[in-house]
Every structure is written in C-alpha cells, then in structure tokens.
Amino acid sequence: MAFEMAVYEVVRLIPRGKVSTYGAVARCAGKGGARAVGSALARNPFAPEVPCHRVVRSNGALGGFSGQTEGPEMDRKTRMLRAEGVEVVKGVVDMDRFGVEPG
DNA sequence: GTTGTGACGGGTC
DNA sequence: CGACCCGCCACAA
C-alpha cells in the first residue's frame with residue numbers, strides 16, 4: 001500500500017506536456033518494479049489527482065489506461081496527452097523528446 | 001505460506 | 001526488426 005502511495009506521489013509530479021515510464025516511476029518510488037507500478041496505476045484511486053495518462057512504457061507505447069490495454073479508453077489517453085502538447089503517433093510517444101525522469 | 005497474475009523491462013533468438 | 005523468453009515487484013485468492 002505504501003508503495004502505491006509513493007507511486008501516486010511520483011506520478012503526480014510529472015510535468016504537463018511530458019511523460020514518464022513505468023520503470024522510471026518505479027525507481028523514483030524507490031522500489032524498482034515496473035509491473036507493481038502498472039498494478040498500482042491500474043487501480044488509481046486518485047483518478048483526476050494522479051495523471052496516470054502521463055505514464056507510458058519504456059519503448060514509448062502508451063501501455064494502458066483505465067484498467068484496459070486497448071479500447072476507447074486508449075483513445076482518450078492519447079487525446080489527453082496530445083491536448084497537453086505530447087505528440088502521439090500510432091499510440092507511441094517519442095521518449096527522447098517527452099520522456100522525463102520524475103524527481 | 002504458496003500460487004497465480006498483471007497498465008512492465010531487458011536480453012536473446 | 002519482430003517474436004520469444006525470462007526476470008522483476010506488489011497484491012489477491
């Protein structure tokens with residue numbers, strides 16, 4: 001539980017217009033477990049508080065959203081990112097430009 | 001306490 | 001490149 005809290009804290013720090021990766025968040029949280037981060041965000045009790053849509057996979061793929069890895073929710077995630085200035089092409093983000101290390 | 005699972009990551013083939 | 005396999009951590013049954 002404490003771990004997930006740390007994850008939410010870190011994710012909340014991700015600046016608008018940028019994105020971070022599960023791995024980066026995991027390390028920043030201090031536990032080192034991308035899967036655990038995904039599991040935590042999947043539940044995301046702080047829906048609007050924690051910008052879970054700013055967390056993507058290390059390869060640039062969006063990953064998932066609202067507990068789903070595909071479907072209309074994914075489109076929403078893409079839109080939100082684009083609305084913040086993040087370029088999303090074919091469901092993939094350029095980590096070299098928008099990827100950031102929280103903390 | 002053991003087993004199974006998942007919005008993952010990195011290394012091999 | 002793309003497909004595959006193994007390893008990682010936290011949580012629920």
Side-chain angles (χ1 to χ4, degrees):
Chain A
M1 208 60 148
F3 162 74
E4 301 189 347
M5 277 295 155
V7 172
Y8 303 138
E9 286 279 319
V10 174
V11 174
R12 192 163 45 164
L13 297 179
I14 301 174
R16 178 179 171 286
K18 297 276 183 171
V19 297
S20 188
T21 68
Y22 295 95
V25 173
R27 285 183 318 210
C28 235
K31 304 295 176 180
R35 300 198 71 138
V37 173
S39 192
L41 290 182
R43 300 186 170 189
N44 188 19
F46 305 81
E49 275 286 316
V50 178
C52 39
H53 61 269
R54 289 183 197 159
V55 184
V56 300
R57 292 186 64 158
S58 61
N59 57 325
L62 294 194
F65 189 64
S66 190
Q68 307 176 193
T69 61
E70 55 180 84
E73 295 303 304
M74 295 306 305
D75 292 335
R76 223 179 262 108
K77 180 169 181 175
T78 301
R79 277 172 166 245
M80 293 173 75
L81 289 174
R82 277 189 169 172
E84 296 188 348
V86 179
E87 270 188 81
V88 184
V89 181
K90 297 196 293 196
V92 181
V93 180
D94 188 335
M95 299 308 298
D96 202 50
R97 295 173 187 248
F98 305 103
V100 295
E101 297 278 330

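This one's a predicted model, so the numbers in the text were calculated from it and none came from an experiment.
When distances are taken from the side chain of Ala34(A) to each of dG9(B), dA10(C), dA7(B), the shortest belongs to dG9(B). Here the side chain of Thr69(A) is nearest to one of dA7(B), dC11(C), dA10(C), namely dA7(B). Side-chain atoms of Arg43(A) lie closest to dC11(C) of the nucleotides dA7(B), dC11(C), dC9(C). The side chain of Leu41(A) lies closest to dA7(B), out of dC8(B), dA10(C), dA7(B).
Counting non-hydrogen atoms under 4.0 angstrom, Phe3(A) reaches the backbone sugars and phosphates but no base. Using a 4.0 Å heavy-atom cutoff across all strands shown, Gly33(A) reaches sugar-phosphate atoms only and no base atom.
Rounding to whole angstrom units, CD of residue Glu4(A) and P of dG6(B) are separated by 16 Å. Straight-line distance from the CG atom of Leu81(A) to the P atom of dA7(B): 18 Å, rounded to whole Å. Put simply, CD on Gln68(A) is 18 Å from C1' on dC8(B), counting in whole angstrom units. Atom P of nucleotide dG2(C) and atom CG of Asn59(A) are separated by 12 Å, given to the nearest angstrom. Following rounding to the nearest Å, Lys90(A) (NZ) and dC1(C) (P) show an atom-to-atom distance of 11 Å. Rounded to an integer number of Å, the gap from NZ of Lys31(A) to P of dA10(C) is 6 Å. Rounded to an integer number of Å, the gap from Met1(A) CE to dA10(C) C1' is 12 Å. The nearest whole Å value for the distance from the CZ atom in Arg27(A) to the C1' atom in dC8(C) is 13 Å.
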> side-chain contact (heavy atoms from CB on, under 4.5 Å) between Arg54(A) and Met80(A): does it pass, once the steps are laid out?
Replying inline: CA-CA 9 Å; Arg54(A) 289 183 197 159; Met80(A) 293 173 75; over 6 Å; no
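More than 12 heavy atoms of other residues, nucleotides or ligands sit less than 6.0 Å from atom CD of Glu101(A). The environment of Gln68(A) atom CD is dense: over 12 non-hydrogen atoms of other residues, nucleotides or ligands sit within 6.0 angstrom.
No donor-acceptor contact under 3.5 Å links the side chain of Arg35(A) to the base of dC9(C).
The phosphate of dG9(B) (OP1 or OP2) has a side-chain N or O of Ser58(A) nearer than 4.0 angstrom.
From Ile14(A), atom CD1 reaches atom OG1 of Thr21(A) across 9.0 Å, with rounding to the nearest 0.5 Å.
Between Phe46(A) and Tyr8(A), the angle of the ring planes lies from 30° to 60°, which puts this pair in the tilted group.
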